[in-house]
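A short worksheet on the structure shown next.
Positions are given from 1, in the same order as the sequence printed here. Only heavy atoms go into these numbers, but all of them, side chains included; no hydrogens, no water, no symmetry mates.
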Amino acid sequence: MATVQKWCKPFIPIRRSLFQRKIFTSKYAHSKTNFRFRTFCAVNKTQPPCENQNHVKDEDNCSSNYSGKRKKEEMWLYNTMSKERELFKPKLEGKVGMYVCGVTAYDLSHIGHARVYVAFDLLYRYLNYLGYEVNYVRNFTDVDDKIIARANELGEDPISLSRRYCEEFHLDMSSLNCLPPSVEPRVSDHMPQIIDMIKQILDNGCAYTIDGDVYFSVDKFPDYGRLSGRKLEDNRAGERVAVNSRKKNPADFALWKAAKKGEPFWQSPWGPGRPGWHIECSAMSAAYLGYSFDIHGGGMDLVFPHHENEIAQSCAACHESSVSYWIHNGFVTIDSEKMSKSLGNFFTIRQVIELYHPLALRLFLMGTHYRSPINYSDLQLESASDRIFYIYQTLHDCESITANYDEASLKDSIPSETETCINKFHDECLTSMSDDLHTTVALAAMSEPLKNLNDLLHTRKGKKQELRIESLAALGKTIGNILNILGLLPDSYSEALKQLSDYALKRAKLTDNEVMQKIEERNVARKNKEYEKSDTIRKELAGVGIALMDSPEGTTWRPAIPLPLQEDQHLTPPTS
């Protein structure tokens with residue numbers, strides 16, 4: 001094998017470009033705490049146990065004070081390369097370089113994409129919360145076989161088509177409350193960097209040319225397969241490896257493809273053409289993060305061949321190339337079957353948020369540990385919608401009372417029971433998030449402070465509690481801060497509840513006026529002691545996800561899990 005150079009040629013600096021983000025918000029109502037959480041957990045399986053249980057909790061960092069800079073928590077991440085959890089230590093103290101493979105922009109993004117980018121948005125948010133300065137790079141592939149094929153099918157310029165779907169992706173990410181990355185490089189803007197890296201690989205004797213094509217020679221990289229655990233002999237032609245008799249080894253992959261008639265191309269030392277898929281990410285990550293950085297992430301489907309090939313070609317270009325942590329999220333299944341267009345069970349993000357609030361979709365995606373498979377179903381989405389409605393309704397009720405008091409009028413102290421609840425909730429959230437982003441534990445920990453809030457809001461004993469307003473304010477602020485870390489905090493609880501109610505009406509195929517008419521019919525039936533008719537109306541509405549709530553002030557409604565779905569899962573419906 002040729003000796004790999006010990007120096008790395010610097011890339012041409014690129015001006016960063018950020019897109020403007022419009023935050024999408026949402027809305028929800030009151031129900032029984034235990035039922036809501038039991039329902040949510042029943043349809044969201046808990047994560048598998050950690051492979052390495054040597055988690056160390058830093059007790060000194062478990063403070064309930066959320067303002068200002070914080071001391072660094074110890075954070076553990078599962079590394080696909082080592083196949084175990086590792087203590088996170090960035091290469092530069094206080095700074096993190098993170099590259100996540102973005103979409104190939106030729107169509108609307110699906111819920112598999114939603115899972116990837118919500119998972120890494122959570123990591124980005126949590127690293128920021130811990131006080132790290134994160135350079136988050138997420139690319140767009142806008143030059144690719146699929147893009148060209150789709151453009152030809154629609155009679156559109158490939159770059160123009162891709163640019164359009166990049167903007168659609170931005171809208172989807174904004175609706176899911178994903179923060180924009182630090183920079184979003186596109187392949188078409190980085191041809192000099194890509195060509196430069198291919199030159200380095202050729203100069204180091206790790207690639208060869210054939211009639212304008214450039215192929216990476218996997219035989220020249222002995223560590224090939226280390227990330228995925230695959231051996232070269234496993235890569236038989238026709239099985240995950242394109243059949244091409246011109247290649248020296250069936251596993252060799254294209255760094256540069258000679259131009260074909262009717263395809264976009266760029267000039268290069270090997271003739272007109274375009275880059276292969278894998279080289280794009282190596283070149284763009286090196287351009288913005290250097291050859292050595294902290295985190296490289298993506299979906300589990302990218303482990304092989306994409307990330308395996310990235311490692312090989314990056315190391316071939318510069319022997320000092322190094323990524324400390326390779327992080328991958330699990331697959332999405334539909335009703336326990338693999339999501340696939342051929343099976344007719346393929347859903348875009350846009351299709352899902354047509355019927356469900358985007359933050360309910362985000363909560364659903366966080367209801368399973370990011371590395372575990374997640375099963376998409378109507379019950380899952382209904383459960384997430386129900387849960388987030390309850391959270392927002394509780395916080396809205398809290399906000400309605402505490403808004404009448406300014407901070408200066410409140411006492412500094414809170415009851416010891418409230419302080420204990422807040423500290424316990426805070427500690428459980430930080431411990432779980434620092435343990436490979438176990439969002440399921442953080443979400444479960446929210447139940448106790450929400451229950452305490454509802455006791456203070458609605459029970460006779462709670463309303464008489466000393467320093468009640470101070471407790472409401474402290475609990476509401478603490479839960480809101482955790483929601484913000486999780487990306488679940490809306491601009492307005494009131495608006496979020498309105499939106500969630502509108503989504504429920506849309507799924508029920510009813511209008512608010514039609515529901516109110518049903519309520520009036522039921523009121524008349526009850527007045528006339530026609531209890532069978534009254535029960536029929538209640539059950540009819542419950543069947544489409546509209547729960548009626550009777551109180552001394554009258555009857556109102558709230559969204560709920562449709563009764564047939566509850567019965568299918570043997571769930572006990574809440575009492576009104």
Check the angle between the aromatic planes of F347 and Y376 and answer parallel, tilted or perpendicular using the 30° and 60° thresholds. tilted
Quick one, P358 and Y503 - any side-chain contact, counting heavy atoms below 4.5 Å? yes
Answer yes or no: is there a donor N or O on one side and an acceptor on the other, between the side chain of R362 and the main chain of L176, under 3.5 Å? yes
Please work out which of the three classes, parallel, tilted or perpendicular, describes the rings of Y325 and F88, given edges at 30° and 60°. tilted
Start with the C-alpha distance between E263 and R274, add both sets of side-chain angles, then the distance that settles salt bridge (Lys or Arg N to Asp or Glu O under 4.0 Å), and finish with yes or no. CA-CA 9 Å; E263 292 184 352; R274 56 189 173 87; 3.2 Å; yes
Are the side chain of T440 and the backbone of H369 linked by a donor-acceptor contact shorter than 3.5 Å? no
Quick one: side chain to side chain contact (heavy atoms under 4.5 Å, CB included) partners of V544, sequence neighbours excluded? A508, L510, I546
Classify the ring geometry between F140 and H170 as parallel (under 30°), tilted (30 to 60°) or perpendicular (over 60°). perpendicular
Below 4.5 Å, heavy atoms only, C-beta onward: do R387 and S447 meet side chain to side chain? yes
Measuring only between side-chain heavy atoms, which start at C-beta, is D107 closer than 4.5 Å to R150? yes
So does K424 pair up with E428, basic N to acidic O under 4.0 Å? yes
I would like to know whether F120 and Y136 meet ring pair (Phe, Tyr, Trp, His ring centres under 6.0 Å); could you show each step before the answer? CA-CA 10 Å; F120 286 99; Y136 176 17; 7.7 Å; no
Assess whether a salt bridge exists between D145 and K257, defined as any Lys/Arg side-chain N lying under 4.0 Å from an Asp/Glu carboxylate O. yes
SB check K506 D502 (cutoff 4.0 Å): no
Using the six-membered ring wherever Trp is involved, compare the ring planes of H307 and H296 and label them parallel, tilted or perpendicular (cut-offs 30° and 60°). perpendicular
Main-chain N/O of H110 paired with H113 side-chain donor or acceptor, under 3.5 Å: yes
Side-chain donor or acceptor of S372 paired with backbone N/O of T368 under 3.5 Å: no
Within a strict 4.5 Å, meaning less than it, do heavy atoms of the L486 and M366 side chains meet? yes
Can you tell me if E310 uses its side chain to pair, donor with acceptor, with the backbone of I279 under 3.5 Å? no
Assess whether atom CD of E354 is packed by more than 12 heavy atoms of other residues, nucleotides or ligands within 6.0 Å. no
Would you mind reporting whether I295 and Y99 have side-chain heavy atoms less than 4.5 Å apart? no
With a 4.5 Å heavy-atom cut-off, do Y106 and D144 have their side chains touching? no
R350/D172 ion pair, N-O < 4.0 Å: yes
Would you indicate whether R226, at its atom CZ, is surrounded by more than 12 heavy atoms from other residues, nucleotides or ligands within a distance under 6.0 Å? no
Testing the 3.5 Å rule here: is there a donor-acceptor pair between the side chains of Y370 and D436? yes
Got T348 and I111 here, is their nearest side-chain heavy-atom distance under 4.5 Å? no
